[in-house]
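One structure below.
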Amino acid sequence: GAAVSADVSKMEEGQLIRVEWRGKPVWIVKRTQEMIEQLPNHENRLRDPESKELQQPVYAQNRHRSIRPEFFVAVGICTHFGCSPTYMPNEFASQAEGVRSGFFCPCHGSRFDIAGRVFQNVPAPTNLEVPPYMFTDEFTILVG
Ligand code: FES
C-alpha cells in the first residue's frame with residue numbers, strides 16, 4: 001500500500017492524531033516531557049519492556065520505541081482481539097506508581113503505557129505494533 005504522510009508541525013504537546021495506512025489506524029502522539037520521563041518508572045510491571053518479543057523496526061528498539069522521543073507512532077489496534085484502545089493522556093489510576101499516561105482497551109481491559117508497552121496481567125499478548133516510518137523533514141512523518 002501507499003505510504004501516507006502526516007504534518008506534525010502544529011501538534012500540541014500531548015495531542016494524538018490519526019492517519020490511515022493500509023486500512024489501519026495509525027496514531028501519532030506528541031509526547032510531553034513528563035510522558036517521556038515516566039517511561040522508566042513502571043518497567044517492572046511490563047510484560048516486554050524492551051520489545052524483545054515483537055518484530056519491529058530497529059528504531060523502535062529503545063525505551064520510547066520511536067525515532068524521536070517526543071513523537072510516538074503506533075498502529076492503534078489492540079494486540080489481543082483488535083479493538084481500538086482509548087488514549088488516556090493523563091488518566092491512569094496508578095499515579096502513585098508513576099504511570100499516568102497510556103492506552104486502555106475497553107474490550108477486555110488491556111493496558112499499554114505511553115510507548116505502547118503492554119502491562120502484565122492483561123489479555124493483550126504483546127506491545128502495540130510500531131509501523132515503518134521516517135521523518136522526511138523536521139515535522140513531516142511518512143508512514144509506510
Ligand atoms: Fe483489547 Fe481484548 S481486544 S483487550
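Atoms considered below: every heavy atom in the structure, side chains included; atoms not considered: hydrogens, waters and symmetry mates. We count ligands from 1, going down the list as the structure has it; atoms in each ligand are counted the same way.
In this structure His80 satisfies the ring-ring contact (aromatic ring centres under 6.0 Å, His included) test together with His108, sequence neighbours excluded. Under the rule for a salt bridge (charged side-chain N to carboxylate O under 4.0 Å, His left out), Arg47 has no partner lying at least two apart in sequence or in another chain. Residues that satisfy the salt bridge (charged side-chain N to carboxylate O under 4.0 Å, His left out) test with Arg63, not counting sequence neighbours, are Glu43.
Remark: the Asn90 side chain and the Arg100 side chain contain an N/O donor-acceptor pair separated by less than 3.5 Å.
Protein contacts to atom 2 (Fe) of ligand 1 involving N, O or S atoms at a distance below 2.8 Å are His80 ND1, His108 ND1.
Judged by distance alone, the side chain of Tyr59 and the main-chain N or O of Met134 form no donor-acceptor pair under 3.5 Å.
Pairing of Cys83 with Cys105 by a disulfide is not supported, the SG atoms lying 2.5 Å or further apart.
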